[in-house]
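Below is one structure; the comments refer to it alone.
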Amino acid sequence: MKIIKEDKFTLKQHINLIFRGLKIFAAFPKSLILSKTVSVVFNSAIPFINIYFSAQILNELAGAKNQKRLIFLVLLTIGLNFLSIFIRSVIGRWAAYCDSATGLSMHKIYTDKFLAMDYADIENPEIQHQFSKIREHQTGMGFGLPRLLSTYDGLISGAIQLILSVVMAFSLFTLKVPAGSRFAYLDSPFAVIALILVLSCSVFIAPYLSVIGGKVWPKASNINNDANRAFGFYYFDMIRGSDRAKDIRIYDQKHLIDASTGISEEPEGIREWLGYVRYNARFNAFSTALSYLANGLIYLFVALKAFAGAFGIGGIVQYVGAITQFSGGLASILTNIGTLVNNNPFLDKVLTFLDIPNKKYQGTISVEKRDDNEYEIEFKNVSFKYPDTDTYALKNLNLKFNIGQRMAVVGMNGSGKTTMIKLLCRLYDPTEGIITLNGVDIRKYNYDEYMALFSVVFQDFKLLPFTLSQNVAASVNYDSEKVLQSLSKSGFDARLENMPKGIETYLYKDFEEDGVEISGGEAQKIALARALYKDAPFTVLDEPTAALDPIAEFEVYSKFNEIVGGKTAIYISHRLSSCRFCDDIAVFHEGELIQRGSHDTLIADERGKYHELWNAQAQYYQENKESNGYNP
Ligand code: ADP
């Protein structure tokens with residue numbers, strides 16, 4: 001059998017990985033691990049009751065045949081069995097409950113990680129790839145954290161089996177064959193050494209072979225990884241949701257998806273995979289055969305010693321049972337150590353993922369709380385490239401927001417408007433230059449406090465399938481009056497009257513059967529209400545109105561402008577007409593701020609981009625002017 005070599009960690013690294021993994025479980029509620037331990041200890045100890053009492057009963061039957069003692073032994077055995085069934089079911093239920101809680105806690109580790117992760121990392125395909133690999137290994141074969149936890153069971157039960165079986169088998173060596181017997185050699189030290197050698201076959205060599213066979217899994221799991229990931233997770237997640245279901249049906253994209261997943265062909269790497277499965281099976285078969293052979297020899301030794309008169313028939317049951325438990329226990333410990341070693345490459349991936357640092361949370365300075373909202377933000381020579389791209393999405397931006405100012409940012413799609421907002425909200429940090437709040441680099445501020453300054457409604461905002469009130473307040477605790485006021489200001493009040501449970505109505509049906517489906521325009525009003533409820537000093541509307549027509553967008557923007565009162569507000573649009581009410585308009589083009597001024601000043605510059613864009617867009621409105629009465 002050829003032995004497959006694979007990436008090696010040093011012993012220290014192995015131990016370090018296991019301890020770091022266990023530390024994660026140590027942070028789980030204590031009852032989860034306690035229930036597991038109690039259940040495993042109890043289940044491993046139970047077989048010894050029957051081994052011991054069966055031996056006693058047999059000895060009594062073959063020996064003194066005392067009826068009273070026999071009845072006592074039988075009743076005691078039955079009673080203990082019933083008791084153990086009862087205790088086992090109670091502990092089992094507790095452990096099963098805790099087990100499912102452990103499963104949820106394991107999921108929560110990843111949910112928490114994603115919730116806390118820097119936005120730039122969420123958008124990073126490499127990190128998404130890293131996570132889907134972890135999920136694939138975990139779901140497919142339980143590698144990673146679940147495997148670490150299951151080896152804990154194996155190690156504890158192995159240890160209990162070892163201790164109890166040594167106690168129970170001890171007299172096998174102290175009870176001697178009667179003097180003068182032709183089987184006296186069974187008591188010689190050589191016989192004991194031979195027995196230990198045979199035993200080691202079943203407890204060391206057999207598990208070792210099975211561990212070597214298991215070394216193929218890290219390699220096998222890398223086969224066809226991309227296709228597995230694409231089909232098992234990406235495609236599945238993609239087609240399952242309602243986001244794409246309409247288009248898939250209208251354009252009959254089923255065939256396109258089938259063709260891209262390649263499921264009709266022979267999956268790539270399947271032969272290699274089968275080769276690994278065969279390799280593993282060969283080692284396992286050899287390991288099992290070896291342990292059967294070794295056990296057979298041990299049983300022969302015990303039987304011969306009984307035959308020679310060292311102990312009675314009950315002794316055979318007791319020693320054979322104890323030795324079986326001993327070899328099972330030791331094998332379980334060794335196999336689980338091997339499993340830990342084989343699991344470590346997977347665990348390493350999990351820990352590397354969980355260790356991705358949060359750069360955003362490194363700032364410590366508190367943001368000054370100001371009732372007068374005297375906050376001033378400035379972009380100083382800011383340039384930005386998205387990770388792994390060569391082109392600048394923003395180039396040398398210098399821009400200052402004065403308090404209470406309303407600024408419009410206009411420009412064609414792709415001109416860098418949203419990128420500027422992403423930098424402002426620290427979703428990304430500038431590649432060059434700095435952004436300051438009241439003169440201090442925004443990276444130095446406590447991230448959560450800094451984020452509290454902004455209410456942003458993005459074009460691709462998403463609401464949660466929770467209640468309307470929770471969506472508006474972004475919290476389970478809220479001020480109902482303020483929720484109602486915000487919804488009324490954003491123009492949702494008429495629709496609210498038709499909501500079956502008012503602000504307690506669930507949005508969508510993900511979590512509640514009587515949740516309501518809402519239209520794109522209604523969702524947008526809720527998103528605006530959410531921004532109003534937050535009542536932050538800076539409000540940004542980044543084209544959440546893109547689905548509306550230009551006139552409706554103009555109306556939403558100008559109405560919002562009245563609602564926000566004295567706060568700083570930034571309006572973003574690629575439609576110049578929507579922002580013409582603003583005194584301060586910044587024109588972006590190919591990542592640069594190229595013009596700034598009021599509508600009248602900008603339009604007066606006939607060679608400027610604003611003039612060019614205005615005319616290009618106005619043409620469309622001019623044509624429709626008569627039908628819609630709109631004049632930009
Ligand atoms: P706008 O908001 O003006 O439509 P954006 O700021 O969204 O423009 O985009 C500016 C440029 O950055 C575009 O060329 C766009 O393709 C690119 N871009 C936007 N988001 C990403 C991203 N996550 N990764 C790489 N490039 C991006």
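Counting from 1, the numbers follow the sequence of the chain as shown. Heavy atoms only: backbone and side chains are in, while hydrogens, waters and symmetry mates are out. Note that ligands are numbered from 1 as they come in the structure, with each ligand's atoms numbered from 1 the same way.
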Proximal atoms of ligand 1 relative to Glu123 (non-hydrogen, under 4.0 Å): 23 (N)

Provide, to 0.1 Å, the distance between atom 9 (O) of ligand 1 and the closest protein heavy atom, together with that atom's residue and name. Thr419 OG1, 3.7 Å

Do Ser415 and ligand 1 have an N or O pair less than 3.5 Å apart? yes

Quick one: do the Tyr447 and Asn358 side chains pair a donor with an acceptor below 3.5 Å? no

Walk me through whether Glu612 and Lys609 qualify under salt bridge (Lys or Arg N to Asp or Glu O under 4.0 Å). CA-CA 5 Å; Glu612 178 197 323; Lys609 192 79 193 165; 3.2 Å; yes

Compare Pro387, Ala393, Gly414 and give the one whose heavy atom is closest to atom 1 (P) of ligand 1. Gly414

the protein heavy atom lying closest to atom 18 (N) of ligand 1 turns out to be Tyr386 CE1, 3.3 Å

Could a heavy atom of Met420 be found less than 4.0 Å from some atom of ligand 1? no

Look at Glu522 together with Lys525 and state whether they make a salt bridge at an N to O cut-off of under 4.0 Å. no

Please check atom 20 (N) of ligand 1 for a protein heavy-atom neighbour under 4.0 Å. yes

Is there a side-chain contact between Tyr610 and Asp605, using heavy atoms and a 4.5 Å cut-off? no

Please round to the nearest 0.5 Å and tell me the distance separating atom CD1 of Ile503 and atom OG1 of Thr467. 7.5 Å

Does a salt bridge link Glu123 with Lys422, judged by any charged N lying under 4.0 Å from a carboxylate O? yes

Identity and separation of the nearest protein heavy atom to atom 7 (O) of ligand 1: Thr418 CB, 3.7 Å

I'd like to know if Asp535 pairs up with Lys567 as an ion pair, taking the criterion as any Lys NZ or Arg NE/NH1/NH2 lying under 4.0 Å from an Asp or Glu carboxylate oxygen. yes

Atoms of ligand 1, numbered as shown, that sit under 4.0 Å from any heavy atom of Asn413: 4 (O)

Check: Leu487 and Tyr533 side chains under 4.5 Å, non-hydrogen atoms: no

Counting from 1, what ligand 1 atoms have a heavy atom of Met412 closer than 4.0 Å? 3 (O)

Under 4.0 Å, heavy atoms only, figure out whether ligand 1 is touched by the backbone of Lys417, its side chain, both or neither. both

Within the protein, is there a heavy atom lying under 4.0 Å from atom 15 (C) of ligand 1? no

Using atom types as modelled, flag every donor-acceptor pair under 3.5 Å from a side chain in residues 387-394 to any protein atom, sequence neighbours excluded.
residue, atom, partner, partner atom, Å
Thr389, OG1, Tyr386, N, 3.2
Thr389, OG1, Tyr386, O, 2.5
Tyr392, OH, Glu432, OE2, 2.7

Can you list the atoms of ligand 1 that are under 4.0 Å from a heavy atom of Gly416? 1 (P), 3 (O), 6 (O), 8 (O), 10 (C)

Where on His574 is there a heavy atom closer than 4.0 Å to ligand 1, on the side chain, on the backbone, on both, or on neither? neither

